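Quick caveat, the model's predicted, so the values are computed rather than measured.
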Amino acid sequence: MKKYTKVIKRFLALATPAIATSILATLPSQAATFASSESKFNINNFSSSPLDVRTLIDNVTTAISTGGQVTADANAEAKFNVDANNSASNLSFSQAEGHGYGYTGSAESFAAIIGYDFIVEKEFSFDFSGLFKLKTSIDDAVTERANARGEFLYELYDSDTGNLLDSFKISGNLSTIGNNDAFVFEPSSNITLDSSQTDTSFGGTKEDASTSFKGKYSRTFDKSTRLFLKESKSNQVSVYTIPEPSTILGSLFSCAMFGAVSIRKRKRASSAALLVNKDLTSV
């Protein structure tokens with residue numbers, strides 16, 4: 001029994017400093033995470049007016065903390081003005097930020113403008129401008145994660161046949177840390193860009209992807225045509241912390257220490273029982 005007791009004591013002597021170090025390492029840090037996703041689009045000078053219009057917006061946020069601090073914000077706006085200027089615009093914005101350790105936060109936003117039945121005799125055109133931005137950052141690559149993604153999509157259909165005539169797509173994704181970073185900028189041939197600036201920075205603990213653009217859409221038809229226009233955007237972000245290796249290590253050592261102490265107590269109890277039985281036998 002003395003032999004096993006010495007082994008347990010030796011184990012505890014080695015484990016105790018490791019446990020103390022682990023517990024200190026798992027205290028909440030002041031590290032921070034950040035993610036944002038934003039898109040805007042403006043249309044002016046429609047060559048013809050739609051017979052009907054519709055706008056759609058939606059947003060949702062989630063913030064859960066078990067020790068750290070986290071905030072999540074989302075906003076969406078959309079308007080379609082049928083007047084002398086015939087203009088439309090929308091925006092979608094999502095952002096989340098966290099501090100410390102033990103939290104998750106997310107935000108999603110959506111905005112869309114729809115124009116029904118543009119009656120076009122020869123040419124359909126409009127001027128446009130917009131921007132698209134994604135940004136993520138973390139301080140600790142081991143315990144923190146930040147993600148941002150978004151999509152902007154303009155589509156023009158023939159109302160009678162349902163055929164897609166033209167499109168303009170921008171999409172992107174940032175995963176910090178991760179290998180899923182991407183950025184896509186795809187205008188159709190009937191879109192003329194007067195100016196466009198795109199910047200991307202992938203890799204590391206800080207990433208971003210952005211573009212700003214301005215131009216004109218124009219398409220001609222050889223007969224009277226009814227057109228259906230739809231432009232939409234969605235933006236999503238998330239930030240969260242994950243268990244540190246030291247947390248797992250500390251839990252394992254704590255369990256080992258508890259088990260060792262329990263074994264020692266059980267052996268002491270067994271020894272006491274044997275002594276009691278011996279005393280009763282000798283009576």
As an exercise, state the distance from NZ of K40 to CZ of F93, rounded to the nearest 0.5 Å. 9.5 Å
Interatomic distance, D160 atom CG to R226 atom CZ [nearest 0.5 angstrom]: 4.0 Å
Separation between OG (S201) and CG (L134), nearest 0.5 Å, reads 12.5 Å
I would like to know whether F118 and F126 meet ring pair (Phe, Tyr, Trp, His ring centres under 6.0 Å); could you show each step before the answer? CA-CA 12 Å; F118 289 87; F126 57 80; 8.4 Å; no
Is any side-chain heavy atom of F213 closer than 4.5 Å to one of I191? no
Before giving the answer on side chain to side chain contact (heavy atoms under 4.5 Å, CB included), spell out for S137 and T176 the whole-Å C-alpha distance, their side-chain angles and the decisive distance to 0.1 Å. CA-CA 7 Å; S137 68; T176 313; over 6 Å; no
Once the angle between the rings of F183 and F185 is folded into 0 to 90°, is it parallel (under 30°), tilted (30 to 60°) or perpendicular (over 60°)? parallel
By side-chain contact (heavy atoms from CB on, under 4.5 Å), which residues pair with S189, not counting sequence neighbours? none
Might you point out which heavy atoms bring I138 and A141 nearest each other, and give the distance in Å? CD1-CA, 3.8 Å
Across all chains, not counting sequence neighbours, the side-chain hydrogen bond (donor to acceptor under 3.5 Å, both in side chains) partners of S48 are none
Please tell me if the side chains of N190 and L156 come closer than 4.5 Å, counting only heavy atoms from C-beta onward. no
Tell me whether Q69 at atom CD has more than 12 heavy atoms from other residues, nucleotides or ligands lying less than 6.0 Å away. no
Using atom types as modelled and distance alone, determine if a side-chain donor or acceptor of T200 lies under 3.5 Å from a backbone N or O of A209. no
State which residues pass ring-ring contact (aromatic ring centres under 6.0 Å, His included) with F152; sequence neighbours excluded, sorted by chain then number. F41, F168
Side chain to side chain contact (heavy atoms under 4.5 Å, CB included) between S210 and L131: does it pass, once the steps are laid out? CA-CA 7 Å; S210 64; L131 64 83; over 6 Å; no
Taking every heavy atom of T211 against every heavy atom of T198, the minimum-distance pair comes out as OG1-OG1, 3.0 Å
Non-neighbouring partners of N180 that pass side-chain contact (heavy atoms from CB on, under 4.5 Å), sequence neighbours left out: N173, S175
Is any side-chain heavy atom of L91 closer than 4.5 Å to one of N75? yes
Considering all heavy atoms, the nearest T33-R145 contact: CG2-O, 4.1 Å
Pairs where residues 58-68 contributes a residue and the test side chain to side chain donor-acceptor pair (under 3.5 Å) is met, not counting sequence neighbours: none
Could you identify which residues cluster with V60, counting Ile, Leu, Val, Met, Phe, Trp and Tyr as linked when any side-chain heavy atoms lie under 4.5 Å apart, either directly or through a chain of such contacts? none
Through direct or indirect side-chain contacts below 4.5 angstrom among Ile, Leu, Val, Met, Phe, Trp and Tyr, which residues connect to Y116? L56, F110, I114, Y157, L164, F228
Once side-chain contact (heavy atoms from CB on, under 4.5 Å) is applied, do any residues pair with T220, and if so which ones, sequence neighbours excluded? E123
Which pairs, with at least one residue in residues 207-220 and sequence neighbours excluded, count as a salt bridge (charged side-chain N to carboxylate O under 4.0 Å, His left out)? D166-R219
Side-chain ion pair, E186 and K169, N-O less than 4.0 Å: no
Is there a path of hydrophobic side-chain contacts, each under 4.5 Å between heavy atoms of I, L, V, M, F, W or Y residues, that connects L229 with F221? yes
Step by step, work out the salt bridge (Lys or Arg N to Asp or Glu O under 4.0 Å) result for E38 and K133. CA-CA 5 Å; E38 178 183 9; K133 293 182 179 180; 5.1 Å; no
Measuring from atom OG of S87 to atom CG of N42, what distance do you get when rounded to the nearest 0.5 angstrom? 8.5 Å
Hey, could you give me the OG/CG distance between S159 and L165, rounded to the nearest 0.5 Å? 9.0 Å
With no hydrogens and no angle check, is any side-chain donor or acceptor of S36 less than 3.5 Å from a backbone partner on Q95? no
Are any non-hydrogen side-chain atoms of I113 and I43 less than 4.5 angstrom apart? yes
Could you note down all residue pairs passing ring-ring contact (aromatic ring centres under 6.0 Å, His included) where residues 55-82 supplies at least one of them, sequence neighbours left out? F46-F80
Could you check if a side-chain atom of D158 sits within less than 4.5 angstrom of a side-chain atom of T225, using non-hydrogen atoms only? yes
How close do V70 and G105 get, counting heavy atoms only, and between which atoms? CG2-CA, 3.7 Å
Please table the atom pairs, donor to acceptor, closer than 3.5 Å between any side-chain atom in residues 233-240 and protein atoms at least two apart or in another chain.
{"unit_1": "K233", "atom_1": "NZ", "unit_2": "N90", "atom_2": "OD1", "d": "2.4"}
{"unit_1": "K233", "atom_1": "NZ", "unit_2": "E231", "atom_2": "OE1", "d": "3.4"}
{"unit_1": "K233", "atom_1": "NZ", "unit_2": "E231", "atom_2": "OE2", "d": "2.6"}
{"unit_1": "S234", "atom_1": "OG", "unit_2": "Q236", "atom_2": "NE2", "d": "3.4"}
{"unit_1": "N235", "atom_1": "OD1", "unit_2": "S92", "atom_2": "OG", "d": "2.8"}
{"unit_1": "N235", "atom_1": "ND2", "unit_2": "S37", "atom_2": "OG", "d": "2.7"}
{"unit_1": "Q236", "atom_1": "OE1", "unit_2": "R149", "atom_2": "NE", "d": "3.2"}
{"unit_1": "S238", "atom_1": "OG", "unit_2": "N147", "atom_2": "ND2", "d": "3.3"}

Of all heavy-atom pairs between A78 and A112, which one has the smallest distance, and what is that distance? CB-O, 3.7 Å
Determine whether S218 and T192 make a side-chain contact, defined as any pair of heavy atoms from C-beta on separated by less than 4.5 Å. no
Are F128 and L193 close enough that some pair of their side-chain heavy atoms sits under 4.5 Å apart? yes
Under the rule for side-chain contact (heavy atoms from CB on, under 4.5 Å), what residues qualify as partners of K79, not counting sequence neighbours? N81, S89
For the pair S109 and S94, evaluate side chain to side chain donor-acceptor pair (under 3.5 Å) and give the outcome as yes or no after the intermediate values. CA-CA 6 Å; S109 54; S94 298; 2.8 Å; yes
How long is the straight-line distance from CD of E144 back to OH of Y103, given to the nearest 0.5 Å? 4.5 Å
Output yes when a side-chain donor or acceptor of S171 lies under 3.5 Å from a complementary backbone atom of E151, and no otherwise. no
Kindly check if the number of other-residue, nucleotide or ligand heavy atoms within 6.0 Å of CG (N163) is above 12? yes
